[in-house]
Amino acid sequence: QVQLVESGGGLVQAGGSLRLSCAASGGTFNSYTNTYTMGWFRQAPGKEREFVSNIRWSDGATNYADSVKGRFTISRDNAKKTVYLQMNSLKPEDTAVYYCAAARYLFHSGTYSATDFRSWGQGTQVTVSS
């Protein structure tokens, strides 16, 4: 099982920025890093967990939800085995718990379901005030 540890959440005013980090380790991740896709999801109170973005580790290919395109950027640092989510121009509707997720041999265009991913972090709270 891959271990995922998120950090970087917090409280920010609308229009501000935050960068989330997700450090990955363990399981098959260290030995088969290039087979993994890393994703970010978010869940607001009373709502289902929704896809935000993902990145294929081998070549950095990415997908974004329409709601965050042009504002959020996902990236990875191979040496640190860490995935980042840079969030700019934040809006109150971006308020949620953000989760990092990992899956092997998974990548396609478009959106994803939470059930597509097997490994999850504990989540980090992002609150955007108006």
Side-chain angles (χ1 to χ4, degrees):
Q1 187 78 356
V2 179
Q3 286 79 52
L4 303 173
V5 179
E6 301 106 331
S7 60
L11 172 64
V12 65
Q13 288 187 333
S17 298
L18 283 174
R19 189 178 79 157
L20 306 183
S21 300
C22 172
S25 63
T28 56
F29 186 80
N30 290 342
S31 298
Y32 301 100
T33 306
N34 284 339
T35 66
Y36 275 84
T37 288
M38 307 298 292
W40 286 99
F41 285 74
R42 65 187 182 185
Q43 189 166 18
K47 294 189 176 181
E48 292 188 354
R49 193 167 297 190
E50 67 172 359
F51 171 75
V52 174
S53 181
N54 73 318
I55 185 167
R56 184 165 56 192
W57 199 279
S58 59
D59 62 0
T62 60
N63 288 304
Y64 295 92
D66 288 343
S67 59
V68 306
K69 277 181 183 176
R71 301 189 297 122
F72 291 10
T73 303
I74 191 171
S75 62
R76 84 261 192 254
D77 184 319
N78 199 39
K80 295 182 179 179
K81 296 294 190 280
T82 298
V83 175
Y84 302 98
L85 185 68
Q86 178 67 43
M87 306 184 295
N88 298 329
S89 301
L90 282 160
K91 304 175 182 180
E93 51 263 44
D94 294 318
T95 295
V97 177
Y98 282 70
Y99 295 91
C100 179
R104 294 185 74 185
Y105 307 119
L106 171 71
F107 193 85
H108 55 76
S109 60
T111 193
Y112 290 74
S113 168
T115 57
D116 292 329
F117 289 79
R118 174 168 292 185
S119 300
W120 292 88
Q122 80 285 357
T124 185
Q125 176 71 46
V126 171
T127 303
V128 184
S129 63
S130 58

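All values derive from a computational prediction rather than experimental measurement. When a residue number appears, it is its place in the shown sequence, counting from 1.
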Problem - M38 with V52, same ILVMFWY side-chain cluster at under 4.5 Å - result: yes
Exercise for the section: Determine the sole option in T95, D94, T124 for which the side chain to side chain donor-acceptor pair (under 3.5 Å) test with R42 is passed. Expected result: D94
Problem - Polar side-chain atom of Q122 near backbone of V5 as donor-acceptor pair, under 3.5 Å - result: no
Practice task
Taking side chain to side chain donor-acceptor pair (under 3.5 Å) as the test, write out the residues that go with N34, two or more places apart.
Solution key: none
Practice task
State plainly whether the residues K69 and D66 are in salt-bridge range, i.e. N to O under 4.0 Å.
Solution key: yes
Problem - is_close_aromatic(Y64, F72), centroid dist under 6.0 Å - result: no
Handout entry: In one Ile/Leu/Val/Met/Phe/Trp/Tyr side-chain cluster, 4.5 Å: Y84, W57
Key = no
Exercise for the section: Would you confirm whether S53, through its side chain, and N63, through its main-chain N or O, come within 3.5 Å as a donor-acceptor pair? Expected result: yes
Handout entry: Side chain to side chain, L4 and Y99, heavy atoms closer than 4.5 Å
Key = no
Practice task
Just say parallel, tilted or perpendicular for the rings of F51 and Y112, cut-offs at 30° and 60°.
Solution key: tilted
Practice task
Mark yes or no for whether Q43, through its side chain, and A96, through its backbone, hold a donor-acceptor pair below 3.5 Å.
Solution key: no
Exercise for the section: Could you tell me whether the side chain of Q3 and the main chain of Q1 form a donor-acceptor pair under 3.5 Å? Expected result: yes
Fill in the blank from the handout: Sorted by chain and residue number, the side chain to side chain donor-acceptor pair (under 3.5 Å) partners of T127 (sequence neighbours excluded) come out as Q125
Exercise for the section: Answer whether the closest heavy-atom distance between the side chains of T37 and D116 falls below 4.5 Å. Expected result: no
Exercise for the section: Walk me through it: do C100 and W40 pass the test side chain to side chain contact (heavy atoms under 4.5 Å, CB included)? Expected result: CA-CA 5 Å; C100 179; W40 286 99; 4.0 Å; yes
Problem - Within-4.5 Å side-chain heavy-atom neighbours: N54 and F41 - result: no
Problem - Under 3.5 Å donor-acceptor, S89 side chain and R71 backbone - result: no
